[in-house]
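We name chains A, B, ... by the order of the sequence lines, and we start the count at 1 in each one.
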There are 2 protein chains.
Amino acid sequence: MPSARRPHAVTITDVAREAGVAVSTVSRALTNPDRVNVVTREHVQQVAARLGYRASPAARALGTGRTATLALVLPDITNPYFAGLIRGAERQAEATGHILVIGDSEENARAEARMVERLAPGVDGFLLGSSRLTDARILQFDAAMPVVLVNRRVPAVTSVSPDQQGGTRQIVEHLVALGHRRAIFLAGPPESWLGRQRWAGISSAAKKHGLKVKRLGPYHPSVEGGLLAGEAALADGATAVIAHNDLMAIGALKRMKARGVSVPGDVSIVGFDDIFGADFCDPPLTTLSDRTEQAGRSAVDLLVALVREQARLEHDAPADIVAPTQLVVRGSTGPAPAPPLPTTPGSS
Amino acid sequence: MPSARRPHAVTITDVAREAGVAVSTVSRALTNPDRVNVVTREHVQQVAARLGYRASPAARALGTGRTATLALVLPDITNPYFAGLIRGAERQAEATGHILVIGDSEENARAEARMVERLAPGVDGFLLGSSRLTDARILQFDAAMPVVLVNRRVPAVTSVSPDQQGGTRQIVEHLVALGHRRAIFLAGPPESWLGRQRWAGISSAAKKHGLKVKRLGPYHPSVEGGLLAGEAALADGATAVIAHNDLMAIGALKRMKARGVSVPGDVSIVGFDDIFGADFCDPPLTTLSDRTEQAGRSAVDLLVALVREQARLEHDAPADIVAPTQLVVRGSTGPAPAPPLPTTPGSS
DNA sequence: TTGAAAGCGTTACCAG
DNA sequence: CTGGTAACGCTTTCAA
């Protein structure tokens with residue numbers, strides 16, 4: 001009794017037999033058309049089409065060592081911020097003849113490393129989005145296989161990241177222009193490189209402009225985290241709040257609303273990412289926008305190039321794309337409120 | 001000069017040599033542990049671990065005909081509604097030892113079919129989410145490989161779908177209780193089974209409750225589509241609007257706001273899906289909620305079972321999970337406004 | 001330009 | 001319980 005496996009529908013051998021040529025000729029006619037006589041080639045191609053032949057990816061991978069599959073690993077698939085990245089990556093993967101597999105690390109470095117190791121044998125390379133891994137671990141993976149970082153930069157590793165320096169400067173200048181003198185930065189996970197860049201950029205720009213900024217956190221980079229963070233921000237009493245990302249900003253917004261605090265009357269809020277919803281929350285969110293779909297496409301292109309280079313044992317200098325960011329000013333930021341009369345010290 | 005392929009790091013042969021046993025024994029020790037003597041097994045496993053052995057998915061797939069890979073195809077990866085489905089599917093895929101590949105059909109039946117055909121040779125089965133294909137095409141795919149439908153039912157095909165009949169009843173009763181007498185349904189794509197169910201359920205419940213409902217559309221199931229749809233709804237003058245999904249509802253909401261129409265003062269709006277953002281738009285959206293992450297998990301479980309059945313040539317009756325839905329009442333629905341004094345006919 | 005045949009890494013069958 | 005050895009389907013030398 002034959003084993004109950006699903007046989008690969010129609011194989012190259014079927015095509016070869018039907019076309020009256022050797023399998024090697026079929027292989028060539030289909031993958032290296034120029035290495036085959038025109039009439040042979042067309043004949044083979046027709047037969048293949050007629051029979052509905054589809055090459056077995058497994059067999060091809062076994063022979064070539066390449067799977068035509070790319071992996072995209074993210075800390076939180078449900079964060080709308082990543083939707084654009086996923087779509088961009090998926091489209092470009094398809095355009096370059098690749099399949100995209102997806103992995104969620106749940107904001108967890110260990111899970112991310114496990115995911116990479118689990119996926120590694122079956123893919124040609126990795127797109128690591130907002131990786132929570134250490135630089136050392138990333139370098140280690142990068143040494144073993146093609147890796148492109150998105151939203152992260154590590155020396156000597158190919159990457160695509162949004163310009164945080166310019167972005168944070170825009171934010172700070174916007175707030176200063178509105179008369180704010182004290183701001184709070186609600187920090188996300190310490191593992192977030194983008195978060196660290198944001199804090200660094202804000203601190204530096206703030207110093208330059210005489211804005212006092214205090215960092216609170218870390219908080220989980222979600223609406224729930226923003227709820228907590230918003231509470232803490234309220235207690236501090238700054239007139240401007242810069243959240244690690246829009247999810248947190250929206251959470252903070254919710255909390256302000258619940259507490260009867262007017263945004264932007266009493267406090268202004270700024271986020272990062274310009275995610276779905278940032279334009280229709282109440283008030284709409286002022287936020288730093290970047291083109292995630294484009295980043296996804298670029299990242300795939302870079303990764304595909306890396307895979308090819310590896311196959312040829314060549315090595316270009318790693319590319320480092322820094323994509324522009326743009327502050328989208330909406331209703332959540334406004335002029336700083338007039339400072340309250342200072343309470344006499346000791347009168348409490 | 002050796003070809004520049006990436007060799008599969010450490011193979012079963014390496015392990016066999018190092019452990020002093022045959023490759024077949026290694027294979028068994030690792031995949032059918034009970035078919036091997038305890039001490040041999042443990043020895044082999046240790047050696048494999050020490051060498052960092054990872055089976056080649058390609059080689060395994062070639063031999064067994066199974067890839068341990070599942071595909072999830074969706075009409076729009078960026079619709080937040082699908083985020084939960086993606087996450088649920090991804091988690092359960094991981095839990096069952098599978099890899100999840102993702103495909104976006106861009107609301108296009110032809111693209112969806114192409115995607116399925118493109119992915120088919122490399123996966124064990126398909127999760128078709130909100131498929132835009134015809135029943136006939138789905139049956140055709142289902143005959144050729146394991147398929148689980150999500151958000152769609154087709155006779156004899158395994159599926160997981162939210163209870164639209166109960167859901168639409170809840171919506172209609174809610175509106176009727178608020179005193180609405182005329183409503184508009186803003187339709188999505190005709191290819192959407194869920195959309196057709198929604199219209200059917202609403203019509204039927206409306207008739208029962210004496211609510212007049214008119215259908216407008218079809219519109220693209222996006223915020224942009226909702227903008228257009230909202231305009232049309234305004235022109236019609238009904239007091240309640242039921243949108244194909246939350247994306248459209250939010251678009252309609254935006255348009256109302258822009259037109260100075262009060263929601264829910266002048267018109268109430270109801271959506272479907274309870275997506276991210278439905279709770280913080282202005283006003284928050286009354287919408288029919290379903291558990292997408294759970295649906296994703298269930299769908300993967302069903303698909304894995306199908307794959308196993310196929311391998312054993314067994315065939316259970318196809319499962320049809322209908323998951324409960326729940327109306328989440330928020331600020332976008334309220335009492336119907338008092339009817340305006342009827343204008344005298346002919347006085348225009 | 002084409003054919004024959006040697007892998008690629010696993011699994012599964014068949015002996016022993 | 002274990003070893004040897006065909007497959008699995010394709011690519012890629014190597015010859016002709």
[X]: which residues meet the side-chain hydrogen bond (donor to acceptor under 3.5 Å, both in side chains) condition with it, sequence neighbours left out?
X        : value
Ser27(A) : none
Ser24(A) : none
Asn79(A) : none
Gln45(A) : none

Looking at dT2(C), dT2(D), dC10(D), which one has an atom nearest to any side-chain atom of Arg60(A)?
-> dC10(D)

Winner on side-chain proximity to Asn37(B), out of dT10(C), dT11(D), dT2(D), is dT2(D)

Verify, without hydrogens or angle tests, whether Asp142(B) (side chain) and Val157(B) (backbone) share a donor-acceptor contact under 3.5 angstrom.
->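 No, because the side chain of Asp142(B) does not come within donor-acceptor range (under 3.5 Å) of the backbone of Val157(B).
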
Non-neighbouring partners of Thr134(A) that pass side-chain contact (heavy atoms from CB on, under 4.5 Å), sequence neighbours left out =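 Result, side-chain contact (heavy atoms from CB on, under 4.5 Å) vs Thr134(A): Ala136(A), Arg137(A).
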
Just jot down the side-chain contact (heavy atoms from CB on, under 4.5 Å) partners of Ala83(A), sequence neighbours excluded, or say none.
->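 side-chain contact (heavy atoms from CB on, under 4.5 Å) check on Ala83(A) returns Thr78(B).
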
Which protein N or O atoms sit under 3.5 Å from an N or O of nucleotides 3-6 of chain D?
from	atom 1	to	atom 2	distance (Å)
dG3(D)	OP2	Ala22(B)	N	3.2
dG3(D)	OP2	Thr25(B)	OG1	2.5
dG3(D)	N7	Ser24(B)	OG	3.2
dG3(D)	N7	Arg28(B)	NH2	2.9
dG3(D)	O6	Arg28(B)	NH1	3.2
dG4(D)	N7	Ser24(B)	OG	3.2
dG4(D)	O6	Ser24(B)	OG	3.3

Taking only side-chain nitrogens and oxygens of Ser27(B), does any of them come within less than 4.0 Å of OP1 or OP2 of dT11(C)?
-> yes

If only side-chain N and O atoms of Ser56(B) are considered, is one of them under 4.0 Å from the OP1 or OP2 phosphate oxygen of dT10(C)?
->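 Ser56(B) to dT10(C) OP1/OP2: no side-chain N or O under 4.0 Å.
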
Angle by which the axis turns from one end of the helix from dT1(C)-dA16(D) to dG16(C)-dC1(D) to the other, five pairs per end, to 10 degrees = 40°

Quick one: which residue pairs count as a salt bridge (Lys or Arg N to Asp or Glu O under 4.0 Å) with a foot in residues 24-52 of chain B, not counting sequence neighbours?
->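 Non-adjacent pairs meeting salt bridge (Lys or Arg N to Asp or Glu O under 4.0 Å): Glu18(B)-Arg50(B).
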
